[in-house]
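Source: prediction; values computed, not measured. All values below come from the heavy atoms of this structure, side chains included, with hydrogens, waters and symmetry mates left out. Naming: A, B, ... by sequence-line order, numbering from 1 per chain.
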2 protein chains.
Amino acid sequence: MLSKKCKYAIHALVYLAERHGQGPVQIGEIADRQKIPKKFLEAILLELRNGRILNSKKGKGGGYYLQRSPEEINLTEVIRLTNGPIALLPCVSLNFYESCEECVNEKNCTIRTTFLTIRDETLKILSESNLAALVKKQKKDRK
Amino acid sequence: MLSKKCKYAIHALVYLAERHGQGPVQIGEIADRQKIPKKFLEAILLELRNGRILNSKKGKGGGYYLQRSPEEINLTEVIRLTNGPIALLPCVSLNFYESCEECVNEKNCTIRTTFLTIRDETLKILSESNLAALVKKQKKDRK
DNA sequence: GATAATCCTATAAAATCAGTAGACTAATCC
DNA sequence: GGATTAGTCTACTGATTTTATAGGATTATC
């Protein structure tokens with residue numbers, strides 16, 4: 001399951017994507033509207049900034065805004081940054097690969113193929129879910 | 001990522017599936033061959049027994065054995081029992097459903113569809129991965 | 001009744017998660 | 001240039017989960 005941090009991050013990003021191009025949005029506003037504890041959100045947005053998803057501006061009139069257009073930010077990136085590996089086993093992870101201690105015989109591990117297939121399918125779906133697509137869906141649903 | 005408990009469970013079950021129909025297998029043997037801490041494995045096998053995947057026999061000549069044929073035991077069941085929900089969000093879980101507190105607007109949550117699709121694809125792959133299929137693959141790889 | 005095996009309860013160290021506190025830094029406006 | 005505003009950074013805390021381990025109780029077999 002995704003951590004709260006990750007869910008908060010996704011909702012905050014969708015909120016920012018809706019306001020893309022309208023200047024910085026303050027942490028407090030996002031926290032209020034998305035019902036996220038402010039201090040926690042502060043740390044999350046900082047991580048997204050260090051992960052090159054967000055930019056920030058300090059001082060009056062400051063806040064956070066997307067570093068790239070909503071089309072260019074998808075959920076794989078967000079999840080990896082705030083939740084860790086997408087794969088269910090370390091030995092089938094692209095970005096967090098580690099050999100499986102549990103596999104007695106690594107090279108032909110019985111279950112590897114199954115979880116490789118799951119990873120591929122999951123990545124495909126997540127990479128299609130970019131922020132622009134999510135915002136578009138939200139607007140449609142509101143009608 | 002899957003917990004160690006879950007990975008241990010899967011490997012133990014594949015080991016038992018290979019020996020299906022040959023009588024009970026002792027915890028100690030499984031622990032040795034699959035490099036699983038014996039006491040931890042003890043607890044895991046007990047859980048699989050309570051989950052109606054394994055049967056056990058006490059006393060001399062006792063041990064654990066599959067309660068059903070390997071074809072009838074698939075990874076969805078094992079993962080749910082030893083690792084929890086397969087879905088990435090509680091609001092798209094079949095067996096562990098809970099409403100998402102984080103969703104400000106539950107009914108048309110922006111991200112729900114994406115994770116519903118992922119759950120469906122994952123379930124499809126996992127349900128095809130029954131113990132018989134995994135054993136068959138293992139034998140092929142060993143050649 | 002000795003032995004061999006699982007069953008059960010309790011405990012504990014380590015890691016992760018979720019959140020908070022408070023001081024620091026930088027930008028803006030007057 | 002000083003007050004104000006808003007993000008930055010470090011550290012800490014409490015709760016929960018994970019990964020075990022210990023030790024005795026129970027049951028089946030010979």
From the set [options], return the single nucleotide nearest to any side-chain atom of [X].
X     : options                : answer
B:K57 : D:dG7, D:dA28, D:dT19  : D:dA28
A:K60 : C:dC29, C:dA4, D:dA20  : C:dC29
B:K58 : D:dG23, D:dT27, C:dG19 : D:dT27
B:Y64 : D:dT8, C:dC7, C:dT6    : C:dC7

Qualifying side-chain hydrogen bond (donor to acceptor under 3.5 Å, both in side chains) pairs with a residue from residues 75-85 of chain B, counting only residues at least two apart or across chains: B:S3-B:N83, B:R68-B:E77, B:N74-B:T76
d(CE, A:M1; P, D:dT18) in whole Å: 12 Å
In B:I73, B:N55, B:I53, the residue satisfying side chain to side chain contact (heavy atoms under 4.5 Å, CB included) with B:L48 is B:I53
Strictly below 4.0 Å, heavy-atom distances to any atom of DNA chain D: list the hits from residues 46-56 of chain A, or just say none. A:L46, A:R49, A:S56
When you measure from the side-chain N and O atoms of B:Y8 to the phosphate of D:dT19, is any distance below 4.0 Å, counting only OP1 and OP2? no
With hydrogens left out and only the distance checked, is there a donor-acceptor pair under 3.5 Å joining A:K39's side chain and the base of C:dG22? yes
Charged tip of B:R119 within 45° of B:F115 ring normal and under 6.0 Å: no
5'-most by nearest nucleotide on DNA chain D - B:P37 or B:N83: B:N83
Sugar-phosphate, base or nothing in reach of A:L45, heavy atoms under 4.0 Å: nothing
Across the strands shown, which category fits B:G28 at heavy-atom distances under 4.0 angstrom: base, sugar-phosphate, nothing? nothing
